[in-house]
Number of protein chains: 2
Amino acid sequence: MSVGHTEVTTEPVVSCGDEHEDCGIREVLDRIGDKWSVLVVVELAQGVRRFRQLQRAVPGISQRMLTLTVRRLERDGLITRTVYPTVPPQVEYELTAMGHSLTHLVKALADWSSEHRGVISRARQEWDAEHPDSGIR
Amino acid sequence: MSVGHTEVTTEPVVSCGDEHEDCGIREVLDRIGDKWSVLVVVELAQGVRRFRQLQRAVPGISQRMLTLTVRRLERDGLITRTVYPTVPPQVEYELTAMGHSLTHLVKALADWSSEHRGVISRARQEWDAEHPDSGIR
DNA sequence: CAGGATCCGCTAAGATACTG
DNA sequence: CAGTATCTTAGCGGATCCTG
């Protein structure tokens with residue numbers, strides 16, 4: 001076995017050898033990679049929430065987007081939607097068991113983010129300084 | 001303290017109490033939540049790759065999208081771009097240390113995905129059956 | 001309160017052609 | 001090979017109005 005060749009390749013953590021090409025990563029990202037899903041999930045991690053409560057908890061989200069977001073999360077079995085036939089109507093959203101398990105993943109994301117936020121920010125500034133008008137942003 | 005009130009609230013895994021509102025989750029998702037970044041990172045987790053190698057390894061990506069993707073990853077300090085002034089030109093992309101750490105996160109995503117893929121798929125079929133023409137997909 | 005229905009602008013992303 | 005430049009399109013997401 002030849003030495004001298006300094007190729008590190010730090011052990012393939014993701015070999016992606018299971019599926020035809022992309023693991024199932026894209027499947028997850030297609031669900032939580034959008035603008036709002038994670039924020040809704042994070043809020044629901046605190047407990048049961050009603051529609052308006054969610055909208056207030058996630059500033060900037062429109063009714064339309066909130067509706068679409070909770071519908072998709074419900075469709076995937078990540079949250080439940082309970083309608084109480086009162087007047088005025090009352091609808092409660094709650095994480096399912098799977099939804100809660102997703103919460104752990106979100107925490108991993110948050111942890112990684114807070115750990116590297118500074119480094120990324122500095123790398124970005126440096127890159128922007130070296131590439132003044134690159135169009136990238 | 002009253003009992004009787006069955007509110008579970010299964011321990012807030014993500015309390016999100018650090019930042020003003022959304023933790024740093026969106027920051028990560030804005031980087032890897034797009035259509036291609038993760039796939040490129042996964043491929044680079046195998047080792048150093050050249051431009052065309054990456055494009056072949058990620059079927060369906062266009063030159064333009066690959067360029068944009070690697071530029072952004074480079075800007076964020078997740079990969080390095082090394083140009084060898086040969087002819088024809090040769091450019092090598094490689095994960096940085098931070099890029100490799102991101103790899104662990106991606107593995108967590110892949111694991112969660114493969115664990116729940118079945119459940120999600122079934123939940124989705126059931127939902128679609130109950131809501132024939134809802135517009136959601 | 002909890003949404004459904006519309007209209008509409010913006011940008012991400014694909015296709016194509018060209019360059020050092 | 002490794003890109004850049006340009007054009008075009010799809011659809012995400014915002015705003016607004018309306019209903020049970």
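Convention: sequence-line order gives letters A, B, ...; per-chain numbering from 1.
Rounded to whole Å, the distance from CZ on B:R64 to C1' on C:dA12 is 8 Å. Summarising the geometry, the separation between NE2 on B:H131 and P on C:dG3 is reported as 12 Å, rounded to the nearest angstrom. A straight line from CG of B:D30 to P of C:dT11 spans 15 Å, rounded to a whole angstrom. Per the geometry, CD1 belonging to B:I136 stands 11 Å off P belonging to D:dC12, to the nearest Å. A straight line from CG of A:L39 to C1' of D:dG13 spans 14 Å, rounded to a whole angstrom. For B:K35 and C:dA12, the NZ to C1' distance is 10 Å, given to the nearest whole Å. Across the protein-nucleic acid pair, A:M65 atom CE and C:dT6 atom C1' stand 13 Å apart, rounded to whole Å. Rounded to whole Å, atom C1' of D:dG3 lies 13 Å from atom CZ of B:R50.
For A:F51, counting side-chain heavy atoms from C-beta on, the closest listed nucleotide (D:dG14, C:dG3, C:dA13) is C:dG3. Closest to the B:S62 side chain, of the nucleotides C:dG4, C:dG14, D:dC1, is C:dG14.
Considering all non-hydrogen atoms of both residues, A:M98 and A:D76 come closest at CE-O, 3.2 Å. Considering all non-hydrogen atoms of both residues, A:Y93 and A:L44 come closest at O-CD2, 3.5 Å.
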Polar pairs (N or O, both sides) under 3.5 Å between protein and nucleotides 17-20 of chain D?
none

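The line from CG of B:L105 to CG of A:L109 is 4.5 Å long, rounded to the nearest 0.5 Å. The line from CD1 of B:I120 to CZ of B:R122 is 10.5 Å long, rounded to the nearest 0.5 Å. Annotation: the span from A:I79 atom CD1 to A:R71 atom CZ amounts to 8.5 Å, rounded to 0.5 Å.
Formation of a donor-acceptor pair under 3.5 Å by the A:T69 side chain with backbone atoms of A:M65 is found in this model.
Both A:V83 and A:L73 sit in one connected hydrophobic cluster of ILVMFWY residues. Membership requires side-chain heavy atoms under 4.5 Å apart, directly or through other members.
For the segment residues 68-81 of chain A, the set of residues with a heavy atom within less than 4.0 Å of an atom of DNA chain C comprises A:R71, A:R81, in numerical order.
Across its full length, the helix from C:dC1-D:dG20 to C:dG20-D:dC1 shows an angle of 50° between the axes of its 5 terminal pairs at either end, rounded to 10 degrees.
When only modelled atom types and interatomic distance are considered, A:Q55 and A:R52 share a side-chain donor-acceptor pair under 3.5 Å.
Note on B:R49 versus B:E92: no salt bridge recorded, every NZ/NE/NH1/NH2 to OD/OE distance being 4.0 Å or above. Using a 4.0 Å cut-off between charged nitrogen and carboxylate oxygen, A:K107 and A:D111 count as a salt-bridge pair.
Residue-level contact check: A:Y93 touches the backbone only, with heavy atoms under 4.0 Å from sugar-phosphate atoms and none from bases.
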- Query: Between A:R26 and B:L39, is a side-chain contact (heavy atoms from CB on, under 4.5 Å) present by the stated rule, with each step listed?
  - Reply: CA-CA 8 Å; A:R26 282 250 44 88; B:L39 302 179; 4.3 Å; yes
